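Data first, discussion second: the structure below is written as structure tokens.
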Amino acid sequence: MEATTILFIGRIQANQASLALALEKRYRVLRAASGKEGLSLTADQPPQAVILDAASMRTPGERVCRALRNGLPSTPIIHLHPGPKREAQTVADVLLFPPVSSRRLLNAVDRLLKAHDDALIACGPFTMNLARRILVVQGQETHLTPKQALLIEMFLRNPDRTLDRKILMEKVWNTNYLGDTRTLDVHIRWIRQVIEADPSNPRYLRTVRGIGYRLDLSSQAVETVGK
């Protein structure tokens, strides 16, 4: 079985080293001194979780956390925040304040990984693992890019509902500019190649002319599990 990979971002100091060493007893740990370095290290293969030790970096780390969320949208993040608690703002899944012991951090990682491993969407003939960004169609697994995963997740969470192009662009690409939607069109064609027996005559992912697209599962059983 492939080892679970944790990206640990923080400064090299006694506390950071002890936390990272504790993690290395259970997981494969990649260390980085900055968010930019961390994203570079995981560009080819996303980690199963990110730990941002902003407390060791003497910064709230909120800007770094947002960059990590944008770069790794499906990866759970634990944010070690220096405080104060009342002022903390983060997009992380888990927020911890000092003192953070090795045991406390390991427990947080274990709970987070379990929650994300259980986060599946089963919709008609499709199943998607949200944490690992894997789509299963007729028993065949396809690994997804972050944008592909976000787009497919939107369709799986909204079966038989027409999603207009503006909503898709806003949610997946963080823009409401509709002057050029070629990127969306390319992604739709790619999804059809994966889920349709005949992509040129789609059965599931239908075009609603002048509006957007609909995942047509009206005759399929739909079940949502996890998030």
Side-chain angles (χ1 to χ4, degrees), residues 1-119 129-134 143-150 153 172-175 226-227:
M1 181 180 293
E2 185 178 350
T4 298
T5 300
I6 305 294
L7 172 61
F8 191 99
I9 300 172
R11 293 190 181 278
I12 303 299
Q13 58 181 349
N15 182 57
Q16 188 255 15
S18 66
L19 294 178
L21 288 172
L23 289 166
E24 287 171 352
K25 293 179 180 180
R26 297 190 188 180
Y27 309 109
R28 174 175 175 259
V29 178
L30 301 177
R31 298 196 198 186
S34 67
K36 183 177 181 180
E37 181 184 355
L39 290 172
S40 177
L41 283 174
T42 57
D44 295 328
Q45 182 62 49
Q48 277 68 61
V50 176
I51 298 172
L52 171 61
D53 187 3
S56 74
M57 302 163 71
R58 298 182 180 179
T59 174
E62 291 156 4
R63 180 181 58 81
V64 177
C65 194
R66 285 194 297 272
L68 292 169
R69 174 61 75 212
N70 289 334
L72 298 165
S74 299
T75 302
I77 301 173
I78 296 177
H79 186 169
L80 309 188
H81 196 292
K85 292 183 180 181
R86 64 181 180 276
E87 296 178 6
Q89 297 181 1
T90 186
V91 294
D93 299 85
V94 176
L95 186 60
L96 299 178
F97 296 93
V100 178
S101 65
S102 298
R103 175 174 293 184
R104 185 183 176 199
L105 181 59
L106 286 170
N107 287 341
V109 172
D110 289 345
R111 287 193 300 269
L112 193 59
L113 290 175
K114 184 180 186 304
H116 276 253
D117 282 344
D118 292 341
N129 184 308
L130 300 177
R132 299 184 183 276
R133 297 204 308 267
I134 295 175
H143 290 264
L144 310 171
T145 67
K147 298 300 186 186
Q148 290 167 354
L150 288 173
E153 182 180 350
V172 179
W173 284 276
N174 298 315
T175 180
K227 293 174 65 180

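Keep in mind it's a predicted model, so treat the numbers as computed, not measured. Residue numbers run from 1 in the order of the sequence given.
- A side-chain donor-acceptor contact under 3.5 Å links S56 to the backbone of R11.
- A 4.5 Å side-chain heavy-atom check between R58 and P82 finds every atom pair outside the cut-off.
- Annotation: side chain of L41 is not in contact with side chain of P47 (no heavy-atom distance under 4.5 Å).
- With sequence neighbours left out, the side chain to side chain contact (heavy atoms under 4.5 Å, CB included) criterion links N70 to no other residue.
- Note: Q148 CD to H143 NE2 = 12.0 Å, rounded to the nearest 0.5 Å.
- Contact check for L7 versus T75: no side-chain heavy atoms found under the 4.5 Å cut-off.
- The two residues H79 and A92 have their closest heavy-atom pair at CB-CB, 3.6 Å.
- Residues satisfying the side chain to side chain contact (heavy atoms under 4.5 Å, CB included) test with A49, not counting sequence neighbours, are I6, P76, L113.
- Remark: R69 engages I77, V91, D93 in a side chain to side chain contact (heavy atoms under 4.5 Å, CB included) (not counting sequence neighbours).
- Between T5 and T42 the shortest side-chain heavy-atom distance does not fall below 4.5 Å.
- The side-chain heavy atoms of R26 and V109, taken from C-beta on, include no pair separated by under 4.5 Å.
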Side chains of residues 97-108: which donor-acceptor partners sit under 3.5 Å, not counting sequence neighbours?
| from | atom 1 | to | atom 2 | distance (Å) |
| --- | --- | --- | --- | --- |
| S101 | OG | R104 | N | 3.1 |
| R104 | NH1 | F97 | O | 2.9 |
| R104 | NH1 | P99 | O | 3.0 |
| N107 | ND2 | R103 | O | 3.3 |

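- Between the CG atom of L52 and the CD1 atom of I9 there is a distance of 5.5 Å, given to the nearest 0.5 Å.
- Note: F8 CZ to L23 CG = 6.5 Å, rounded to the nearest 0.5 Å.
- Looking only at atom types and distance, the side chain of E62 has a donor-acceptor partner in the side chain of H81 under 3.5 Å away.
- In this structure, R31 and E24 have side chains that are in contact, with non-hydrogen atoms separated by less than 4.5 Å.
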Indicate every side-chain donor-acceptor pair of residues 32-39 with a distance under 3.5 Å to a residue at least two apart or in another chain.
| from | atom 1 | to | atom 2 | distance (Å) |
| --- | --- | --- | --- | --- |
| S34 | OG | E37 | N | 3.1 |
| E37 | OE1 | A33 | N | 3.0 |

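- In this structure, the separation between CG on L144 and CG on L130 is 10.0 Å, given to the nearest 0.5 Å.
- By the side chain to side chain contact (heavy atoms under 4.5 Å, CB included) test, V172 pairs with K147, L150, L151, M154, sequence neighbours left out.
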